[in-house]
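Here the structure is laid out as structure tokens; the discussion comes afterwards.
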Amino acid sequence: MQTRFPPEPNGYLHIGHAKSICLNFGTAREFSGLCNLRFDDTNPAKEDMEYVDSIRESIRWLGFDWDDREHYASDYFDQLYAYAEALIRQGKAYVCSLTQEQAREYRGTLTEPGKDSPDRNRSIEENLGLFTRMKAGEFADGAYTLRARIDMASPNMNMRDPVIYRIRRQHHHQTGDKWCIYPMYDYTHCISDALEQITHSLCTLEFEDHRPLYDWVLDQLEVPCHPQQIEFARLNINYTVMSKRKLKQLVDEKLVNGWDDPRMPTLDGMRRRGYTPASIRNFCEMVGVTRSNSVVDVSMLEHSLRDDLDKNSPRAMCVLRPLKVVIENYPEDKTEIMTLPRHPKDDSMGSREIPFAREIYIDRNDFEEVPPPGFKRLVTGGEVRLRGSYVIRCNEVIKDSSGAINELRCTLDAATLGANPEGRKVKGVIHWVPAAAALDVEVRLYDRLFTHEDPDSAEGDYRDYINPESLVVMTGCKAEPSLAGAAPEDRFQFEREGYFCVDRKDASTDNLVLNLTVGLRDTWAKQNK
RNA sequence: UGGGGUGUCGCCAAGUGGUAAGGCAACGGACUCUGACUCCGUCAUCCGUAGGUUCGAAUCCUACCACCCCAGCCA
């Protein structure tokens, strides 16, 4: 078995491509075959080396490798040209002088047959001569096309003498200025597959109508083999957009911060967000491959993500909205080192140390003066467990002149370190961080990019539905000291908050920037909605 | 109204003549120094609709309905 992943280098890869990558590379691997990487670079006007570089990196990051089997459709331009001449010699292709507008008129419509081009019966010699001159650059862009001679009355529009070569003076990222004529996709793809001895040419549903043309071209020519084209449904996920055009628009209009913005469904964006390659591969496995159009719920993706992250992320504490707490019965000059496991179920991850002191920070969300029913965090006069440390009781709330809470005065129960309190139960456990030793970090909170589950078909423009809260930057967050020295792309679970990763672009040793990959499931928040 | 596809739980998705897998979500409950994780349980008498064939159909036949794709010198 031999497959290929054939991206056009005209944009960054997204999660939809991941499905195709997993299918092509995964299936080949499963049947001890090989999968090639082939850049489908027949339209230099839209393509760029920047894209080929990013595509290569994304595929490797996802966990797949193509060894030395990196091909380009442009590698076959000479052969493609020779095959075109062969087609002409058989009377199966002709040079057409119709303008684009005329060609459209001659093509007919979905319900009416097309008309033959006046050039359809041009002699073979004349066609050969004209085609040679097209290649030689004797004609202006668009003056002529080479068309396959099939059937202008076919109910399948693709068979109505499709253009297979067009004149386009355009610098090509691989072939430079060698060519001024470029072959079209339908003609190129099947021959490229055949030359690479592809056995299964997997593509998406919209190419189904092209299959007769794929087969027709190969049937006319003497090629090494005749691959089978097999179509599958492309991946759609709700609350996002997947078309390259729209993703590019979001980037160009600066509605997001580049192709690798953590809110983008691009593999680069997801990587920066903190997605793991394994979670994406697993997700692709989970959704399956069928021929029916479907929209997968993001919760499936997030499930796969959390599943992987829970197992593999070391835990840490980070207070996003710091509220100072003074432990009145704890000496000012005292500190105790608290040792906490990095993972509750995986001892091999070791432990971390956090100094406990008189002044600490807790999250403002973990304290309520007037708690809702069922609240089991800190309240005035109530007790709560500080994770991995003591149980404290809140005695007093200090407010500023405007009535905002400034700090909490608490006392701890010295008998509760590593032991349950006597004679009472403390249900709540909250995270904390030592005030003096904590690290100042920036935390970027991300949410779905769109507020509408199907921005594509929502009323108005899809851009109208961009979620204004898709990015919330939190500064002055306080992280436990063990985070010092965290490297780009390091992942953590901030206990009771979610999974975070060190931004691979903006973080430095003295300025930690953490991205929210995905929050923990939160039945409390859901219950209170 | 031409051609090509697809319709199984809220969302994915098995099943292709023998009487509806699984996952996600949801909802109960257990456990818990993460309201997390984990664990247990509930969740399609019904497979787009209507007929028909058959001892027996989601699976075969007929008709109908809905949705998607195609009129780029894009891929």
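The figures that follow rest on heavy atoms only: side chains count, while hydrogens, waters and symmetry mates do not. Chain identifiers are assigned alphabetically (A, B, ...) following the order of the sequence lines, protein sequences preceding nucleic acid strands; residue numbering begins at 1 within each chain. What you see is a predicted model; the values in this text were computed from it and never measured.
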Review point. What integer number of Å spans the C1' atoms of B:G48 and B:A66?
Key: 7 Å
Check your understanding: Looking for any heavy atom pair under 4.0 Å, which part of the strands does A:Asp209 touch: base, sugar-phosphate only, or nothing?
Key -> base
Check your understanding: Across the strands shown, which category fits A:Val426 at heavy-atom distances under 4.0 angstrom: base, sugar-phosphate, nothing?
Key -> nothing
**Study point:** Separation of the P atoms in B:U8 and B:C31, to the nearest angstrom
**Key:** 40 Å
Review point. According to the Watson-Crick and G-U wobble definition with distances under 3.5 Å, which dot-bracket string, read 5' to 3', encodes RNA chain B, using [ ] for crossing pairs and | for pairs with another strand?
Key: .(((((((.[[[..)..(...]]].(((((.......))))).....[[[[[..)....]]]]])))))).....
Practice item. For A:Thr145, answer base if it contacts any base atom (sugar-phosphate contacts may also be present), sugar-phosphate if it contacts only those atoms, and nothing otherwise; contact means non-hydrogen atoms under 4.0 Å. Key: base
Practice item. Tell me, please, the opening and closing nucleotides of RNA chain B, 5' to 3', among those with an atom under 4.0 angstrom from a non-hydrogen atom of chain A. Key: B:U1 to B:A75
Review point. Is it the case that more than 12 heavy atoms not belonging to A:Lys248 sit under 6.0 Å from its NZ atom?
Key: no
Exercise for review: Look at all strands and tell whether A:Arg496 reaches a base, only sugar-phosphate, or nothing, counting heavy atoms closer than 4.0 Å.
Suggested key: base
Check your understanding: Within the structure shown, what part of the strands sits under 4.0 Å from A:Arg168 by heavy-atom distance: base, sugar-phosphate, or nothing?
Key -> sugar-phosphate
Check your understanding: Which part of the nucleic acid does A:Pro344 contact within heavy-atom distance under 4.0 Å: base, sugar-phosphate only, or nothing?
Key -> base
Review point. With a 4.0 Å cut-off on heavy atoms, is A:Thr99 in touch with a base, just the backbone sugar-phosphate, or nothing at all?
Key: base
Exercise for review: Quote, to the nearest angstrom, the C1' distance that separates B:G35 from B:A75.
Suggested key: 49 Å
Review point. Do the rings of A:His71 and A:Tyr76 sit parallel, tilted or perpendicular, given the 30° and 60° boundaries?
Key: tilted
Practice item. Quote, to the nearest angstrom, the C1' distance that separates B:G15 from B:A30. Key: 34 Å
Point to revise | salt bridge (charged side-chain N to carboxylate O under 4.0 Å, His left out) partner of A:Asp413, the single match among A:Arg424, A:Arg385, A:Arg393 | key: A:Arg424
Review point. Checking all strands, does A:Leu98 fall into the base, sugar-phosphate, or nothing category for heavy-atom contacts under 4.0 angstrom?
Key: base
Practice item. Just call it for A:Arg385: base, sugar-phosphate, or nothing, with non-hydrogen atoms closer than 4.0 Å on any strand. Key: base
**Study point:** Rounded P spacing from B:G5 to B:U62 in Å
**Key:** 16 Å
Check your understanding: Would you find a donor on one side and an acceptor on the other, under 3.5 Å apart, between the side chain of A:Arg160 and the backbone of A:Ser154?
Key -> yes
Study note, to complete from the structure: Closest heavy-atom pair, A:Arg166 versus A:Thr42, reported as atoms and distance to 0.1 Å, is NH1-O, 3.4 Å
Practice item. Would you classify A:Gln493 as touching base, sugar-phosphate or nothing, given that sugar-phosphate means primed atoms plus P, OP1 and OP2, and contacts are heavy atoms under 4.0 Å? Key: base
Exercise for review: For B:C55 versus B:U6, give the span between their C1' atoms, rounded off to a whole number of Å.
Suggested key: 33 Å
Practice item. Report which part of the nucleic acid A:Gly418 touches: base, sugar-phosphate, or nothing (heavy-atom distance under 4.0 Å, all strands). Key: base
Review point. NA contact type, A:Ser304, heavy-atom cut-off 4.0 Å: base, sugar-phosphate, or nothing?
Key: nothing
Review point. Can you name the side chain to side chain donor-acceptor pair (under 3.5 Å) partners of A:Tyr81, sequence neighbours left out?
Key: none
Exercise for review: Provide the distance between the two C1' atoms, one in B:A13 and one in B:A50, to the nearest whole Å.
Suggested key: 27 Å
Review point. What's the spacing between A:Phe139 CZ and A:Arg133 CZ if we round to 0.5 Å?
Key: 3.5 Å
Exercise for review: Mind checking A:His210 for me? I need base, sugar-phosphate or nothing, with any heavy atom below 4.0 Å counting as a touch.
Suggested key: base
